[in-house]
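For reference, positions follow the sequence shown, starting with 1.
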Amino acid sequence: MKARILQFHVPMGMAVAILTLARIVWWWRFDTKPTAHEHGPRWRTLSARAVHVLFYIIILGMAASGIGMLVLSGAGLILFGGAQGVLPDFHAYLPRVPHGIGARVLLFLFIIHAGAAFYHHFIKRDATLKRMWFAGKGSQ
């Protein structure tokens, strides 16, 4: 059972890492970002930027630690290379610590991010969600 879960988990993690790298390149080179809100406290703008940057850092860190666990443990050969053997105890490998912490931090960031989106949509009733959806430069 553990092997089947990992045979799904590992490729999905790799796909998320590749898509995250593609998103960073897209954002850096091609994305037309909407203009920033000029109103509101500065802490809100800074915290929004920090949460977005942390998303990328944590996702890429989790990918690196996951790859590290596969390489150090030899589980990649068992899962995908056809090698016979019992899967190792991943808790015995150092990359397991940042991988687990990253998962918890990612969940926390998601809750904060979704909470902020709901706050803007239902409490402030501003156009923040509309601005995020394929908005071009100058979109309000």
So which heavy atom on [X] is nearest to which on [Y], and how close?
X: Gln7; Y: Leu79; value: NE2-O, 3.1 Å
X: Pro88; Y: Ala75; value: CD-CB, 4.0 Å
X: Leu106; Y: Phe55; value: CD1-CD2, 3.7 Å

Original post:
Can you tell me if OH on Tyr56 sees more than 12 non-hydrogen neighbours from other groups inside 6.0 Å?
Top reply: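 Above 12, so yes.
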
**OP:** Mark yes when over 12 heavy atoms from residues, nucleotides or ligands other than Phe80 sit less than 6.0 Å from its CZ; otherwise mark no.
**Re:**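 Correct, the count exceeds 12.
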
Taking the side chain as every heavy atom from C-beta outward, state whether [X] and [Y] have any atom pair closer than 4.5 Å.
X: Ile58; Y: Ile101; value: no
X: Ile59; Y: Val16; value: yes
X: Val25; Y: Leu21; value: no

Could you measure the distance from the [atom1] atom of [X] to the [atom2] atom of [Y]? Nearest 0.5 Å is fine.
X: Leu129; Y: Phe118; atom1: CG; atom2: CZ; result: 8.5 Å
X: Phe122; Y: Arg125; atom1: CZ; atom2: CZ; result: 8.0 Å
X: Lys2; Y: Asp89; atom1: NZ; atom2: CG; result: 6.0 Å
X: Ile24; Y: Leu60; atom1: CD1; atom2: CG; result: 4.5 Å
X: Phe90; Y: Leu6; atom1: CZ; atom2: CG; result: 5.0 Å
X: Met69; Y: His91; atom1: CE; atom2: NE2; result: 9.0 Å

**OP:** Only counting residues at least two apart or in another chain, list the ones meeting side-chain hydrogen bond (donor to acceptor under 3.5 Å, both in side chains) with Thr20.
**Re:**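 Result, side-chain hydrogen bond (donor to acceptor under 3.5 Å, both in side chains) vs Thr20: none returned.
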
Same cluster or not: [X] versus [Y], using hydrophobic residues (I, L, V, M, F, W, Y) connected whenever any side-chain heavy atoms lie under 4.5 Å apart?
X: Val10; Y: Met62; value: no
X: Phe108; Y: Leu54; value: yes
X: Val71; Y: Met14; value: yes

Original post:
Can you list every pair that meets side-chain hydrogen bond (donor to acceptor under 3.5 Å, both in side chains) and has a residue in residues 96-107, with sequence neighbours left out?
Top reply: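 Residue pairs passing side-chain hydrogen bond (donor to acceptor under 3.5 Å, both in side chains), neighbours aside: Ser65-His99.
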
**OP:** Check salt bridge (charged side-chain N to carboxylate O under 4.0 Å, His left out) between Arg23 and all other residues, then give those that pass, not counting sequence neighbours.
**Re:**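 Salt bridge (charged side-chain N to carboxylate O under 4.0 Å, His left out) list for Arg23, sorted by chain: Asp31.
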
